[in-house]
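Inspection log for the structure reproduced underneath, given as structure tokens.
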Number of protein chains: 2
Amino acid sequence: MNEVRRQTRGRAATPRAGRPRQAEVARLAGVSQTTVSLVLGGKADGVAISVETRQKVLGAAERLGYVPDPAASRLAAARNNLLGVFSFTSTFPTDVQHSYYPFLVGVEQEAASQGFDLVLFTGSSTGGARAGAHALNRARLADGCLVLGRHAPTEELRRLVDDGFPVVHLGRRDDPDGLAWVGADYVNAAREVVTNLVALGHREIVLICEDDPVPASTDRERGFHEGLVAAGVPTGPERVHRCADPERDLTPARLREWLASGVTAIVVEETDTSGAWRALNAAVAEAGLDCPRELSLALLGSPPPDDDGPVPTGFDIPRARLGAAAVRALAALVGGGRPDEPLVECAFRPGATVAAPPGGIPAAVLR
Amino acid sequence: MNEVRRQTRGRAATPRAGRPRQAEVARLAGVSQTTVSLVLGGKADGVAISVETRQKVLGAAERLGYVPDPAASRLAAARNNLLGVFSFTSTFPTDVQHSYYPFLVGVEQEAASQGFDLVLFTGSSTGGARAGAHALNRARLADGCLVLGRHAPTEELRRLVDDGFPVVHLGRRDDPDGLAWVGADYVNAAREVVTNLVALGHREIVLICEDDPVPASTDRERGFHEGLVAAGVPTGPERVHRCADPERDLTPARLREWLASGVTAIVVEETDTSGAWRALNAAVAEAGLDCPRELSLALLGSPPPDDDGPVPTGFDIPRARLGAAAVRALAALVGGGRPDEPLVECAFRPGATVAAPPGGIPAAVLR
DNA sequence: TCTCGATACTAATACGCATTAGTGGTGCGC
DNA sequence: GCGCACCACTAATGCGTATTAGTATCGAGA
């Protein structure tokens, strides 16, 4: 018998059956819906509400167990305290090896403390049925949106930004457009690692990158060169070894070649898969080289979780802090403000894979 | 100069500035908003639309880059393809050790493949500012909601369910109410482990539980007893050791006591923290016991990721599959259907921590 | 007494989309 | 040649909340 309620015409039955609206509260309290909205909205500005009325409304709302409909609020007020998260890598990859999970730790905490909930837009990576041209537009459900992943579709992003929709990209961007981003300071971090190597006496240092010239990679390269230049060591593109397929490329033979030509340290970029780092370690082992003693290795990032070798010298990417910073930036945009400093520092990680070069300090240093 | 548009009165500026509405599309296509809705909604039922009109609308929508406002859709149609996820453990615990992460892997994949996005309601656990009496009500933004965590607030859940809001709890529930759930079949899994022990010749077996009588725990206990009963081994509550503080409780002394009384195998429940399993292993090591040979250990669940001992005999909880199953159940509810089988099988995991009891097969077996 | 200014509310409306009840027009059968 | 079904589409309205303009009441000052 209580099924009939709130069916206007033949309208499809709504699932939100018995939930009270502001109108019901208003009726019970003997006031208007406006008043209910005013009282429950907690707006002190403009209109005045007497204490008794306020009590009546609150009492009625309590008795009916009123809760606001977020969709309606959003529609009316253009705010719903939701932040979208779009990841162009599976958000929860089955291969947990190297996922965006650590970012999300920070994202969730910061979002919670700022009073936002998160909308995880699924299927952004899987390229499934939803990956249409307007996949990103789902973001508009939220008040703003976080984008992670190296290969976010630039066009669509620009569209959002142009429409004034708050977007923050997690990871530095080069685009000229005004897309806000938050990223790790790879330049300084890489420089610090190189400076460290030089201080130990290394002069012939090689940088290995995977072949994907995104900012995360080029920044490291820049820091690498800067570190050498600052130390007065000549450098140039010939020091950088960019390889598309580390497995195939980083062979024991190549290592010996480098050693023969005087190389004493190798610096490796960290990537999603840690492909280069793995391959390099395998090659070192296969070549029977003693890592810290005969050859120093540094990793510009974190080792993969299944790495069971000694702690690699390098730096740690503060992923949780990056996530939090991104949320702060986004919250600022949503609130109509300007985000502040987009770069987050990486902490240098002393490790056991770097030592003074074999044969002591080279002559060059002593001159 | 294009700032002025769509400001009705002094209304607060909406952030969704230049985004076109169906009305704009309609104007460009020379049709009514209704037609646009009909065409873009892809509804084939009832009204018919000519091919040309359809093309005009689609063309206009394309040119303007129209995308629907999810909030408005939701308000009008009571659907938005959003599933809420409420976790009463931190959704992204900083301590990745033993989190809900594996569930989310399955949840995300299944949600994506069913065309749902996810709303992660934050702060459900942290007890922060949002943890008010109506925290769960935020869920109503979505079409339905997944709840994980042992200690979800029953009252609020019931309220949601009573209102006809689709809710699925991840983990078995005992409540008499109609709350839907999806859970692992711990009873059968535990029974299988025990059966295995008995088959090897064990008769005196102890079960260790942490002190939290939730279904996940009591089901394992039931399976434990059932396994013994099925094998004709007498059992009873005295076989179960429930301890609130495993660290303090599971001492080498206690182990020796058990051994002295004839115990040859210990079965341990897995919990969030793996506290009992860790404590037990520590005690075994401290007591200088040889694990498979002098004492068999079985773990009813997965070992913590940092466990570096031998693979414990026991069973694996198919967390990803559970997550997926939960989403399927929720999708069914949202679609107005009935969820199917709520129990998901656990796979027996042969390990290296169980062997035949010392001293060979006891006399009792040979009689 | 009449105005002025608070005070305490309410009426009306917008938000963007989905839905249903029409509304003309055309073709067909009898 | 009249009714009737059918087609292609539109007008009107609702979803639940927020906002703004406006109304009624009352006390104080002129």
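Quick note: numbers below take in every heavy atom, side chains included, and nothing from hydrogens, waters or symmetry partners. All chains are named by letter (A, B, ...) in the order of the sequence lines, taking the proteins before the strands, and each is independently numbered beginning at 1.
Residue A/Thr35 places no side-chain N or O under 4.0 Å from the OP1 or OP2 atom of C/dA8. Look at B/Ser50 and you won't find any side-chain N or O under 4.0 angstrom from OP1 or OP2 of D/dC7.
Taken to the nearest 0.5 Å, the CD atom of B/Gln22 stands 12.0 Å off from the CG atom of B/Leu64. With rounding to the nearest 0.5 angstrom, the CG atom of B/Leu83 is 13.5 Å from the CZ atom of B/Phe86. For the atom pair CD of B/Gln33 and CG of B/Leu38, the computed distance is 9.5 Å after rounding to the nearest 0.5 Å. Put simply, CG on B/Leu28 and CZ on B/Arg63 are 4.5 Å apart, with the number rounded to the nearest 0.5 Å.
In this structure, A/Asp69 atom CG and C/dC15 atom C1' are separated by 13 Å, rounded to whole Å. Per the geometry, CZ belonging to B/Arg27 stands 12 Å off P belonging to C/dC17, to the nearest Å. Rounded to an integer number of Å, the gap from CG of A/Leu40 to P of D/dT17 is 9 Å. Straight-line distance from the CG atom of A/Leu75 to the P atom of D/dC15: 13 Å, rounded to whole Å. Residue B/Leu38 contributes atom CG, which lies 10 Å from atom C1' of D/dA8 at whole-angstrom precision. Straight-line distance from the CZ atom of A/Arg74 to the P atom of D/dT17: 16 Å, rounded to whole Å. Straight-line distance from the CD atom of A/Gln33 to the C1' atom of C/dT10: 10 Å, rounded to whole Å. When rounded to the nearest whole Å, the span between CD1 of A/Ile49 and P of D/dT19 equals 14 Å.
As judged by a 4.0 angstrom heavy-atom cut-off over every strand, A/Val31 is placed among residues touching the sugar-phosphate backbone only.
Counting distance only, with no hydrogens placed and no angle test, the side-chain atoms of A/Thr34 and the base atoms of C/dA11 include a donor-acceptor pair under 3.5 Å. A donor-acceptor contact under 3.5 Å is not formed by the side chain of B/Gln22 with the base of C/dA18.
Residue whose closest nucleotide on DNA chain D sits further toward the 5' end, between B/Ala72 and B/Glu52: B/Glu52.
Among the nucleotides C/dC17, C/dC15, D/dT10, the one closest to any side-chain atom of A/Ala76 is C/dC15.
Between the side chains of B/Ser37 and B/Thr34, no donor-acceptor pair is found at a separation under 3.5 Å.
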